[in-house]
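Scroll down for the structure; my scribbles are underneath it.
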Amino acid sequence: MQRAVTTRKRTSLAGWLTEPTLAGMRRRKALLGYLFVLPTILGILVFTAGPVLVSFGLSLYKWNVFRPPTFVGLENYSRLVSDTRVLVSFANSARFVILAIGLQIVFSLLLALALRQRMATWMRYYFRTTFLLPFLLSGAATGVVLSYLLHQEFGVVNYYLGLLGIPRIPWLTSGDVVLYTVVLAYLWQFVGFSLITMLGGLSNISSEVLDAAEVDGASGWSWLWQIVLPMLSPTLLFSAVIGVIGGLQIFDQPYVMTRGGPGDASRTAVMTLYEAAFKNQEIGYASSIAVILFVVILAITAFQFAMSKRWVFYQ
Amino acid sequence: MQTSWPEKKNARAGHRAAEALLRHSRRWLLLLCLFALSVIMVGPIVWTVSTSLRTPAASFSLPPKWLPTDMALENYAEVFARIPFWRQIFNSFFVTLSTVFGQLCTAALAGYAFARLDFPGKTLLFWLVMATLMIPLQATIIPVFVLISRIGLSDSLAALIVPALFTAFGTFLLRQYFMQAPKEFEEVALIDGANQWYIFSRVYLPLTAPGLAVLAVLAFNGTWNEFYRPLVFLITDANFTIPLGLNTLKGYMMTGSISVVLAGVSLSLIPVVLVYLFGQRYLIEGIMVGGLKG
């Protein structure tokens, strides 16, 4: 009773906050809310949101660390569109993403459907674990291992292909082949990840719906096209968006395997950015590459979401 | 021509048997394909471990041997002789554990606030966090590198840890878990005289333990395997994390024995495999939650 009387005077900030009323509690919760989000908001402003804006700014300067930056307007961008190495690396990235993400989605969907059939629990567990295993490893580790396995003369892969009568394939040494090698290596490492996503999507569709359609005698194709794919479309959209964002930024595995070679045949956009910024110290120029990469990723993601209105169905 | 009743029945039964046989053989064919694929997935890892135990002379032996032959443990000793691997193991653990712990703290606080506390501007701030989910690392790495050098953190483990303590994805993930927890618990706790901090730390935080585990496992794997940021921020061998160490080791061994490199690779796999064995439920849940909310 006495306490209620003193707080009603609102003599201090502390009193205002500790007021044992509903309003006081609301104030305490709001203050706590700000305190709780403060670290994350500050961290994101300093290390993510701020740097993006700074990247845009830096791309308008010529700055090679040793001399102070000078404003050059859009010069970096006009240099970029005539820089063959940049153009080749962006083209490589585009080819890589189209092939790798397309195949990843198709394969992981087929695997997920295959894993739907009746089988012993240990078998399901075995398949899920083995398919996910490469995903757990670092791109550096798998890059090292695959570069040995794919060695043209002494590699295990060519040895087994040789048993089938296939001549030795120059996986990492031919400019015509190397990009496909990088795609295969990506698939080996990441197909398990999207398999789990697909299994999650399938488990969201009630199995009665899937089984009933199957029993009704819907043929394989129409079952896939008219039942499975529409119901799985949110998962497919997610896989495509995440795949493109990640695929355009891929670096570790191809870098360790090929260093972008032979020549520039497997050089990705990120490798060019890395070289410009951290090898050649051309901060401004590298920032313009980063900005282009960012804009491309945003545009493709926005495009995917816009197109998805036509083919994604949410239940 | 009219067939009699039993004949028709027989024909139908025969048809059904053929269909069952077809389905049966299709099932076995499918299982066989799955099994062959699983061998391709695991093969490189089995080969890595068994080759890491072979003498350098036998390391490129063809036809490949899938079981360890020589038990040449000196390859493992050689890794530690070539590069400061103990130091790099320590670095990897230090960076990974600090990052995981930091992300759990910041994301739990922010996730709780966005899910359960009301304050002016909450929606705006939440969308700010969500918008940064779309920003690729490449668009921020150069300014962050400049910032890190300016504050004198380049070539230090702090350069890796400090920017990674905050996570938009983790905040979003834990917010989902906090929103699923029943509201009534707060009322009960209030009647018992609990304050807001107590309600967060003793009532709702324990309820979201599965969410924390999901974030911990995902963050552990991501940080342990990270290559790009360490490559950009670190210069000295002694400050490297394991993936960078493997990259140098591969360079040193260009002409030498691949067994030594593969010994290093094998050692680097142990923590993630252990985390998977104990936390696979959370890892798989994490991948699925990401997928469903997409």
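The structure displayed is predicted, hence computed values, not measured ones. A note on names: the letters A, B, ... follow the listed sequences, proteins ahead of strands, and every chain is numbered from 1.
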- prompt: Does A:Leu32 offer a backbone N or O that forms a donor-acceptor pair with the side chain of B:Trp197 under 3.5 Å?
  reply: no
message: Out of A:Ala114, A:Ala49, A:Gly246, return the one with the most heavy atom pairs under 4.5 angstrom to chain B.
response: A:Ala114
message: Is B:Arg116 close to chain A through its backbone or its side chain, or both, or neither, when contacts mean heavy atoms under 4.5 Å?
response: backbone
- request: Answer with side chain, backbone, both or neither: which region of A:Leu136 has an atom nearer than 4.5 Å to a non-hydrogen atom of chain B?
  value: both
message: A side-chain contact here means heavy atoms from C-beta on lying under 4.5 Å apart; do B:Tyr228 and A:Tyr255 qualify?
response: no
query: Using non-hydrogen atoms only, which part of B:Ser268 is less than 4.5 Å away from chain A: side chain, backbone, both, or neither?
result: side chain
message: Given heavy-atom pairs under 4.5 angstrom as the criterion, report whether the side chain, backbone, both or neither of B:Leu283 touches chain A.
response: side chain
- line: Under 4.5 Å to a heavy atom of chain B? For A:Gln253 that would be neither
message: In the structure I gave you, are the side-chain heavy atoms of B:Asn195 and A:Arg28 within less than 4.5 Å of one another anywhere?
response: no
query: Got a donor-acceptor contact below 3.5 angstrom from the A:Gln249 side chain to the B:Leu137 backbone?
result: yes
message: Less than 4.5 Å to any heavy atom of chain B: does that hold for the side chain of A:Tyr160, its backbone, both, or neither?
response: side chain
- request: Examine whether an atom of A:Ser147 lies under 4.5 Å from a heavy atom of chain B, and if so say whether it belongs to the side chain, the backbone or both; otherwise answer neither.
  value: side chain
- prompt: Which atoms of A:Val191 come close to chain B, meaning under 4.5 Å heavy atom to heavy atom: side chain ones, backbone ones, both, or neither?
  reply: side chain
message: Can you tell me which portion of A:Ile196 sits under 4.5 Å from chain B's heavy atoms? Options are side chain, backbone, both or neither.
response: both
query: What class does the angle between the rings of A:Phe36 and B:Tyr112 fall in, given that below 30° is parallel, 30 to 60° is tilted and above 60° is perpendicular?
result: tilted
- line: Per-residue tally against chain B (heavy atom, under 4.5 Å) across A:Phe135, A:Phe56, A:Tyr125 peaks at A:Tyr125
Engaged part of A:Ala141 at the chain B interface, taking heavy atoms whose separation is under 4.5 Å: both
query: B:Leu37 and A:Leu111: side-chain contact (heavy atoms from CB on, under 4.5 Å), yes or no, with the steps?
result: CA-CA 10 Å; B:Leu37 278 175; A:Leu111 280 175; 3.8 Å; yes
message: At a heavy-atom distance under 4.5 Å, which candidate from A:Val256, A:Val54, A:Leu137 has the highest pair count against chain B?
response: A:Leu137
- request: Spell out, as yes or no, whether a donor-acceptor pair under 3.5 Å connects the side chain of A:Ser55 to the backbone of B:Ala139.
  value: yes
message: At a 4.5 Å cut-off on heavy atoms, which part of B:Phe35 comes close to chain A: side chain, backbone, both, or neither?
response: both
query: Which of parallel (below 30°), tilted (30 to 60°) and perpendicular (above 60°) describes B:Phe145 and A:Phe278?
result: perpendicular
query: Just wondering, do A:Ser138 and B:Trp224 contact through their side chains at under 4.5 Å, heavy atoms?
result: no
message: Quick check on A:Phe154 against chain B: is it the side chain, the backbone, both or neither that has a heavy atom closer than 4.5 Å?
response: both
statement: Under 4.5 Å to a heavy atom of chain A? For B:Val162 that would be both
- request: Kindly indicate whether the side chain of B:Leu34, heavy atoms from C-beta on, has any atom under 4.5 Å from the side chain of A:Met123.
  value: no
Nearest-0.5 Å distance, CD1 of residue B:Ile40 to CH2 of residue A:Trp188: 11.5 Å
- prompt: Where does B:Thr171 contact chain A at under 4.5 Å (heavy atoms): side chain, backbone, both or neither?
  reply: side chain
query: Short question: side chain of A:Tyr274, backbone of B:Val232 - any donor-acceptor pair under 3.5 Å?
result: no
field: Residue part contacting chain B, namely of A:Thr301, when any heavy atom lies under 4.5 Å
entry: side chain
- request: Could you tell me which portion of B:Trp47 (side chain, backbone, both or neither) has an atom closer than 4.5 angstrom to a non-hydrogen atom of chain A?
  value: side chain
field: Side chain / backbone / both / neither for A:Met257 at chain B, heavy atoms under 4.5 Å
entry: backbone
- prompt: What is the distance from atom CD1 of B:Ile258 to atom OH of A:Tyr148, rounded to the nearest 0.5 Å?
  reply: 6.0 Å
message: Quick check for you: among A:Leu115, A:Thr40, A:Leu53, A:Val46, which has the greatest number of heavy-atom pairs under 4.5 Å with chain B?
response: A:Thr40
message: Which atoms of B:Leu262 are under 4.5 Å from chain A, going by heavy atoms: the side chain, the backbone, both sets, or neither?
response: side chain
Interface moiety of B:Leu147 toward chain A, non-hydrogen atoms closer than 4.5 Å: side chain
- prompt: If we only count heavy atoms from C-beta on, is the B:Ile142 to A:Leu273 side-chain gap below 4.5 Å?
  reply: yes
task: Name the region of A:Leu58, side chain, backbone, both or neither, that has any atom closer than 4.5 Å to a heavy atom of chain B.
output: side chain
query: Side chain, backbone, both or neither: which part of B:Thr48 has a non-hydrogen atom closer than 4.5 Å to chain A?
result: side chain
query: What part of B:Asp118 gets closer than 4.5 Å to chain A, counting heavy atoms only: side chain, backbone, both or neither?
result: backbone
Under 4.5 Å from any heavy atom of chain A - which part of B:Leu31: both
message: I'd like to check B:Arg26 versus A:Gln117 (side-chain heavy atoms, cut-off strictly below 4.5 Å). Are they in contact?
response: no
query: Where does B:Leu165 contact chain A at under 4.5 Å (heavy atoms): side chain, backbone, both or neither?
result: neither
query: When you look at A:Leu45 and B:Leu128, which way does the side-chain contact (heavy atoms from CB on, under 4.5 Å) test go after all the steps?
result: CA-CA 9 Å; A:Leu45 286 179; B:Leu128 171 76; 4.3 Å; yes
- prompt: Under a 4.5 Å heavy-atom cut-off, does chain A meet the side chain of B:Phe227, its backbone, both or neither?
  reply: both
- request: Taking atom CZ of A:Phe107 as the centre, report whether more than 12 heavy atoms of other residues, nucleotides or ligands fall under 6.0 Å from it.
  value: no
task: Report yes if some heavy atom in the side chain of B:Met134 is under 4.5 Å from a heavy atom in the side chain of A:Leu298; otherwise report no.
output: yes
field: Contact check, side chains of B:Ile284 and A:Leu199, non-hydrogen atoms, under 4.5 Å
entry: no
query: So which part of A:Val291 gets closer than 4.5 Å to some heavy atom of chain B, the side chain, the backbone, both or neither?
result: neither
